[in-house]
Amino acid sequence: MPANSAPTLDGSVLPVPRDDIADAAPYGAPQLEVEHALNVNENPYGPSPQLAEHIGRAVAEAARGLNRYPDRDALALRADLGTYLAAESGIPAPAAEAVWAANGSNEIMHQLMLAYGGPGRSALGFLPHYSMYPEYARDTFTRWVAAERGPAPEFALTAQAVTAAIAAHRPHIVVLTSPNNPTGTALELEVVEAAAVALAETRGLLVVDEAYGEFRRDGVPSSLTVLEQHPNLVVTRTMSKAFALAGARLGYLVAHPAIVDTVRIVRLPYHLSAVTQAVARTALSHREELLGTVALLRGERDALAVHLTARGHQVAPSDANFILFRTFTDRDRVFEALLERSVLVRAVGPTGWLRVSVGTPQDNVAFRTALEEADPR
Ligand SMILES: *Cc1c(COP(=O)(O)O)cnc(C)c1O
């Protein structure tokens, strides 16, 4: 009996949902109260009291106009995001028309699949990949096709592997993630460019998800630097990770303005609240403070990778704010043993591997200490 026809506890007879979601459960990492939450790659440093106050003032200002709908096109915010990207990646500032913003890059990706996926169309990604991609595909009736990244512990993706998968599956959309979640792997530009060129032949869309872009190591370029040469390339970013603003929900993309115009067709009216726009613009104007923790987190990440390697773990080289490593014993037991010590990590990626977010130095010490007992050598 499908779940939707089961009687509910209160005996109500309920409407029948879509067949393909009838047995699905809402997806998401467990939200548990722990001392060391190292499971969803948040920035552990919240805004300073001064910045919180600035944000509060901006919200109060916006509140006085909340009887009106927000700026539907969020042009001021999109211009600010362009200015930020120029400073961050060394590219000329993209015009507001080449930037698009939404409630998290999850909504951005959803909008891209709405506009470029759909019935009879497919999207291709490479495992292990972010667990939400197949869900946006399902929601938009896009067929999700998963190819594989190279072997552990590098989980590399080569131009040859990507173009072969494109030739084999002929997808309408390809999603590349750099640095990748859950492996932390950054892509060489030649891989991104080879994918863009291969997809251009069938007029397909290439999306490079750079949610962790700001954490990449020195000398690792952003795909933003090749955007000009590839009109079918979209680079997505978020303020949820490096920017320490996960609670505000602000993601964005940069692309050819014609792609932005297409996405505007499927967005919901007034999707980005005036409050969100005000919060994001205020955070952007304090970017030195918010991004000040990135160097610290990168240093902690590299130290953690050295530590795990020295313990004898297999460790995936990471350009992000988390590390995927292989446990010595059953990963679910290690996960539980860490949780008993109030350290919450994530059981994702291939069997036997765990992902730990980089926290404050105190979080990281707590993780290392707990791991000694949870996964003895
Ligand atoms: C965290 C993450 C995002 C960001 O999602 P938001 O909706 O912006 O919070 C996007 N892509 C990947 C791969 C992520 O891990």
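Computed over heavy atoms, backbone and side chain alike; hydrogens, waters and symmetry mates excluded. As the structure is a computational prediction, the values presented were derived from the model and not from experiment. Counting starts at 1 for both ligands and their atoms, following the listed order.
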> Think R149 forms a cation-pi with F155, using NZ or CZ under 6.0 Å from the six-ring centre and within 45 degrees of its axis?
Replying inline: no

>> Tell me if a side-chain donor or acceptor on H172 pairs with a main-chain N or O of S122 at a distance below 3.5 Å.
In response: yes

>> For residues 338-349, which residue pairs pass the salt bridge (Lys or Arg N to Asp or Glu O under 4.0 Å) check, not counting sequence neighbours?
In response: R341-E373

>> Given a heavy-atom cut-off of 4.0 Å, could you list the residues near ligand 1 in chain and number order?
In response: G104, S105, N106, Y130, Y133, T177, N181, D209, A211, Y212, T238, S240, K241, R249

> Tell me, which pairs form a ring-ring contact (aromatic ring centres under 6.0 Å, His included) where one or both residues lie in residues 86-107, sequence neighbours left out?
Replying inline: W100-H271

> Have Y130 and D209 got a donor and an acceptor in their side chains that come within less than 3.5 Å?
Replying inline: no

> With clusters built from Ile, Leu, Val, Met, Phe, Trp and Tyr whose side-chain heavy atoms come within less than 4.5 Å, directly or transitively, what are the remaining members of the cluster of I265, listed by chain and number?
Replying inline: none

